[in-house]
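Read the structure below first, then the notes.
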Amino acid sequence: MAKINIKDMLTNYDKKNLTIATVCSHSSLQIFNGARKEGFKTLGIAVGEKKKFYDAFPLGRPDEFMMVDDYKEILDRTEELKEKNVIVIPHGSFVEYLGADKFSTLDLPTFGNRNVLMWESDRNKERIWLEGAGLTMPMEIKDPHDIDMPVIVKYHGAKGGRGFFIAKTYEEFQQRIKKGKSFSIQEFVMGTRYYLHYFYSPINDDAYKLSKGSLQLLSMDRRDETTIDEVQRLGSIQELEELGIHPTFVVTGNIPIVIRESLLPKVFKMGEDVVEKSLKLFGGIIGSFCLETVVTEDLEFKVFEISARIVAGTNPYISGSPYSEFIQPDLSTGRRIAQEIKHAAKESQLEEILT
Ligand code: ATP
């Protein structure tokens, strides 16, 4: 990754007049709404007809738009954005549309630690990080011939579960695998899914304390995935598979959820361990992140993925969640991000939370 010098980037910034910007997709309504609540100006980067749609939501609409023909155009227009003292809030679609390589060198102050990219985008490194932190991940099956339990086959670089499939035997695997694509095979963990939304602040000590800074749990969701989550309306999965109908894992939405309270200490311990390990490996996962988990019948968490920035699963909670209400009323993740930037700007600590 090319070296980003955040100090240089911020030299000419008017820190009392910052603009929060993001790409108009994913969790942008929440990000703009949260920034607005904290008194920031907002800017939305959009392609095509998006602008019209935002008119329907005046409180989630950015104050101004930067229209582009292609998201890659952002790379050529950074000077224009710097003049507006823009701080970029990355979300999953932002990184995807720009491409991880280009995003990592984007010449704009960006919320969070961009060094996390190489640790989350490479499945091997992700495993080193999470297992190194003491978390349990689903077992990996290196050789498809060894499939002797239900497994999920994941294509690399697939987003939102597209193309993933379940196999119970080597034969089933062989029938469904697409040649020429790299993939990994994981034990299909039986249990219930919880997507846990954390916020780590390296500069605030007034939450669950860590060796540096503190951790909050802002909310949790369960993803709604088509067709797996409703396929049983048509018959059992086995019946359907016999007809050649295979369930898919494409995300279409998010459902609010809470976890039994006795599991909360484990939830915090996992978040703590992930952050502490990240501090050692690459300087820390800063701001929002999400652990994607399955809770088994033994009440053990298996973590199958980490998302290192705001996830769309926080969208049901624009006016607070059953957890964030215990921190501050009306606190969304988007608003929490804006608060962190506001606090850091006031205390001359922006370099601690931006890269
Ligand atoms: P994203 O990057 O959007 O998080 P992805 O393409 O990396 O998605 P995953 O999140 O790894 O995909 O998996 C997609 C879905 O597949 C999950 O939301 C979950 O429902 C299911 N899934 C993934 N891994 C497992 C597993 N080991 N056991 C059971 N279900 C799983």
Side-chain angles (χ1 to χ4, degrees), residues 23 25-27 90-100 103 116-127 129-131 135-142 144 146-168 172-173 176 178 181-198 220-232 237 246-257 274 285 288-298 300-315:
V23 158
S25 185
H26 190 272
S27 46
H91 50 58
S93 303
F94 194 133
V95 179
E96 198 187 330
Y97 295 160
L98 214 56
F103 169 73
V116 71
L117 268 173
M118 60 187 282
W119 288 89
E120 61 166 346
S121 55
D122 175 330
R123 286 205 194 270
N124 295 326
K125 286 199 129 170
E126 183 186 45
R127 201 168 266 274
W129 173 14
L130 299 183
E131 290 189 338
L135 272 53
T136 309
M137 294 188 75
M139 197 197 330
E140 212 183 344
I141 289 101
K142 296 249 189 271
D146 295 338
I147 297 174
D148 59 359
M149 61 168 95
V151 296
I152 179 164
V153 182
K154 302 181 176 190
Y155 292 110
H156 292 172
K159 273 287 148 200
R162 195 166 287 276
F164 291 8
F165 65 91
I166 300 171
K168 291 177 278 325
E172 279 182 12
F173 167 85
R176 307 239 14 233
K178 290 204 176 71
K181 282 182 146 191
S182 51
F183 61 85
S184 57
I185 307 174
Q186 268 181 14
E187 147 200 23
F188 188 95
V189 183
M190 302 289 281
T192 45
R193 290 168 299 132
Y194 292 84
Y195 299 70
L196 311 166
H197 316 147
Y198 300 88
M220 53 186 77
D221 78 299
R222 176 166 301 161
R223 285 191 188 166
D224 210 7
E225 292 170 332
T226 184
T227 57
I228 183 83
D229 288 339
E230 297 215 29
V231 75
Q232 70 285 354
I237 290 188
H246 302 286
T248 54
F249 294 84
V250 178
V251 183
T252 54
N254 303 86
I255 304 167
I257 200 162
V274 165
I285 181 171
S288 357
F289 68 97
C290 172
L291 291 180
E292 305 179 11
T293 73
V294 178
V295 182
T296 67
E297 61 187 339
D298 301 322
E300 296 298 337
F301 285 87
K302 292 207 179 174
V303 180
F304 57 85
E305 173 103 312
I306 183 164
S307 294
R309 54 198 62 76
I310 184 170
V311 288
T314 58
N315 285 339

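In listed order, ligands and their atoms are each counted from 1.
At a cut-off of 3.5 Å, with distance as the only test, a side-chain donor of Ser307 or Glu292 sits close to an acceptor on the other residue.
Both the backbone and the side chain of Phe188 come within 4.0 Å of ligand 1, counting heavy atoms alone.
When only interatomic distances are considered, the shortest N/O to N/O separation between Arg162 and ligand 1 does not fall below 3.5 Å. The shortest N/O to N/O separation between Ser307 and ligand 1 does not fall below 3.5 Å. Backbone and side-chain nitrogen or oxygen atoms of Val189 are examined, and one is located within less than 3.5 angstrom of a nitrogen or oxygen of ligand 1.
Note on ring orientation: taking the six-membered ring where Trp is involved, the planes of Phe165 and Tyr155 are tilted (angle from 30° to 60°).
The two residues His197 and Val311 make their nearest non-hydrogen contact at CD2-CG2, 3.6 Å. In terms of heavy-atom proximity, Thr293 sits nearest to Leu196 at CG2-CD1, 3.9 Å.
Nearest-heavy-atom check against atom 17 (C) of ligand 1 across Arg223, Glu292, Glu225 picks out Glu225. Compare Val251, Ile152, Val250 by their heavy atoms: the one nearest to atom 22 (N) of ligand 1 is in Ile152.
Close approach of ligand 1 to Tyr195 is summarised as follows: ligand atoms under 4.0 Å from at least one heavy atom of the residue are 17 (C), 18 (O), 19 (C), 20 (O). Residue Glu187 has at least one heavy-atom neighbour below 4.0 Å for each of these atoms of ligand 1: 26 (C), 27 (N), 28 (N). Listed by number with element, the atoms of ligand 1 under 4.0 Å from a non-hydrogen atom of Pro138 are 27 (N).
With a 6.0 Å cutoff to the six-membered ring centre and a 45° limit on the axis angle, Arg222 counts as a cation-pi contact of Tyr194.
For the pair Glu187 and Lys302, the salt-bridge criterion is met [side-chain N within less than 4.0 Å of a carboxylate O].
The 12-atom threshold is exceeded at CE of Met149, counting heavy atoms of other residues, nucleotides or ligands nearer than 6.0 Å.
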